[in-house]
Amino acid sequence: MPELPEVETVRMGLRPVLEGHRFTKVVTRRGDLRVPFPRDFAKRLTGRKVVRLHRRAKYILADLDSGETLVIHLGMSGRMSVYAEGRARKIGVYVHDVADAEVGNGKHDHVVMETDAPATIVFTDHRRFGLMTLVATGALDQDKLFKGLGPEPLSDAFDVKYLKAALEGKRTPIKSALLDQRVVVGLGNIYVSEALWRAGISPKRLAGSISGPRIAPLLRAIHAVLHDAIAAGGSSLRDYAQADGNLGEFQHRFAVYDRAGSPCKKKGCKGTIKRIVQAGRSTFYCPTCQK
DNA sequence: CTGCACGCCTGCCCGC
DNA sequence: TGCGGGCAGGCGTGCA
């Protein structure tokens with residue numbers, strides 16, 4: 001589920017129940033996520049107040065008043081569910097309507113956190129590629145999870161000059177280069193395909209072979225697809241009470257992702273979307289209008 | 001250094 | 001209905 005727009009949507013949904021609130025109770029159900037829970041994980045969270053809820057790459061970061069930061073990564077299948085007390089208030093993300101006894105007792109519910117919002121927040125991840133850990137706030141950048149990450153795609157640092165230099169000389173396909181979190185963070189398998197379609201660039205083209213004049217359009221395509229997706233996720237938040245498990249609305253607007261065999265949506269293009277495999281992962285593109 | 005195949009997990013969907 | 005294979009929005013490791 002989570003590339004930058006989804007992670008950002010989850011962050012916004014967690015904000016009302018986390019930021020400025022205190023953990024009143026934390027329970028971990030099993031410890032064999034990608035990174036094991038650190039020692040005394042629940043104890044170090046309990047009683048702590050979240051002073052700031054932010055994001056770096058695909059990580060959600062909750063800075064605590066103890067000088068530590070709760071680091072959350074959703075992996076491929078991670079979910080955060082928010083159960084608002086008495087359902088008196090509708091709160092974003094997944095506001096489920098289930099019996100109290102079922103809250104946090106699912107087979108793949110790994111962490112159950114209560115805050116004084118009040119609310120119960122459940123972290124679920126059936127594939128367990130996600131993680132939750134604690135890192136000293138001041139040392140985040142040096143932590144191995146964050147060291148070497150590229151710039152945020154929506155920051156000023158991610159500009160034409162940077163991208164040109166980052167791709168220069170790279171002999172890997174542009175698809176793989178943009179998935180590489182050292183080049184730029186936040187993009188995943190969906191949005192790379194979507195951005196390359198918007199830019200009219202073939203995913204097979206070697207990164208270093210993208211000519212100077214095509215760098216700016218690529219940058220704009222990345223910006224645009226992320227902005228559109230964030231807006232689509234955000235706009236569906238408030239009526240998320242029916243929680244069908246999907247996040248946001250953007251999946252209905254995919255131009256290429258998971259559309260193999262369907263007509264290209266580009267105006268005037270008569271092409272058909274094709275699926276190929278690059279570095280072991282699906283890529284979708286239009287061979288007719290992406291060069 | 002680079003690029004790539006593979007493993008990590010579970011669940012779902014498809015074809016036989 | 002059961003079973004095997006392939007697939008899934010991420011990332012780290014180890015290899016050539």
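Order of the sequence lines sets the chain letters (A, B, ...), proteins ahead of strands, with each chain counted from 1.
Residue pairs meeting the ring pair (Phe, Tyr, Trp, His ring centres under 6.0 Å) criterion with at least one partner in residues 252-276 of chain A, sequence neighbours excluded, are A:F250-A:F254, A:F254-A:Y257, A:Y257-A:F284. Residue pairs meeting the salt bridge (Lys or Arg N to Asp or Glu O under 4.0 Å) criterion with at least one member in residues 13-35 of chain A, sequence neighbours excluded: A:R15-A:E19, A:R22-A:D65, A:R30-A:D32, A:D32-A:R128. Counting only residues at least two apart or on different chains, no ring pair (Phe, Tyr, Trp, His ring centres under 6.0 Å) pair has a member in residues 163-188 of chain A.
We find that CG of A:L187 is positioned 13 Å from C1' of C:dG10, with the value rounded to whole Å. Here the P atom of nucleotide C:dT13 and the CG atom of A:D180 are 14 Å apart, to the nearest Å. Nucleotide C:dG10 holds its P atom 10 Å from the OH atom of A:Y191, rounded to whole Å. Here C:dG12 presents its C1' atom at 14 Å from NZ of A:K58, a figure rounded to the nearest Å.
With A:H126 contributing its side chain and A:S77 its backbone, the two residues share no donor-acceptor pair below 3.5 Å.
Every residue two or more places apart in sequence or in another chain that forms a ring pair (Phe, Tyr, Trp, His ring centres under 6.0 Å) with A:H73 is listed here: A:Y59. Considering only residues two or more places apart in sequence or on other chains, A:R253 meets the side-chain hydrogen bond (donor to acceptor under 3.5 Å, both in side chains) condition with none of them. Residues that satisfy the ring pair (Phe, Tyr, Trp, His ring centres under 6.0 Å) test with A:F23, not counting sequence neighbours, are absent from this structure. For A:Q181, the side chain to side chain contact (heavy atoms under 4.5 Å, CB included) criterion is met by A:K58, A:L149, A:V185, not counting sequence neighbours. Residues passing the side chain to side chain contact (heavy atoms under 4.5 Å, CB included) test with A:D63, sequence neighbours excluded: A:V51, A:R52, A:H54, A:T69, A:T137.
Shortest non-hydrogen contact noted between A:P173 and A:K204 is CB-O, 4.1 Å. Considering all non-hydrogen atoms of both residues, A:V256 and A:E194 come closest at N-OE2, 3.0 Å.
For A:K49, the NZ atom counts as loosely surrounded, since its 6.0 Å shell holds 12 or fewer non-hydrogen atoms of other residues, nucleotides or ligands.
Counted by atom type alone, A:S202 and A:K291 present zero donor-acceptor pairs between their side chains at under 3.5 Å. Side-chain contact annotation: A:R79 with A:T124, donor-acceptor N/O pair under 3.5 Å absent.
Residue order along DNA chain B, read from the 5' end via each residue's closest nucleotide, puts A:R182 first among A:Q278 and A:R182. The residue among A:L145 and A:I190 whose nearest nucleotide of DNA chain C is located toward the 5' end is A:I190.
The footprint of chain A on DNA chain B, defined by a heavy-atom cutoff below 4.0 Å, extends from B:dG3 to B:dG11.
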Please write out each protein N/O paired with an N/O of nucleotides 14-16 of chain C under 3.5 Å, distance rounded to 0.1 Å.
none

For nucleotides 4-8 of chain C, which of its nitrogen or oxygen atoms have a protein nitrogen or oxygen under 3.5 Å away, and what is each distance?
residue: C:dA8; atom: OP1; partner: A:S282; partner atom: OG; Å: 2.3
residue: C:dA8; atom: N3; partner: A:R127; partner atom: NH1; Å: 3.1

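Taking only side-chain nitrogens and oxygens, A:K144 never comes nearer than 4.0 Å to OP1 or OP2 of C:dG12.
The P atoms of C:dG6 and B:dC6 are separated by 13 Å, rounded to the nearest whole Å. Taking atom P in both B:dG7 and C:dG5, the straight-line distance is 15 Å, to the nearest Å.
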So what does the secondary structure string of DNA chain B come out as, 5' to 3', with Watson-Crick or wobble pairs under 3.5 angstrom, [ ] for crossing and | for pairs with another strand?
.|||||||.|||||||
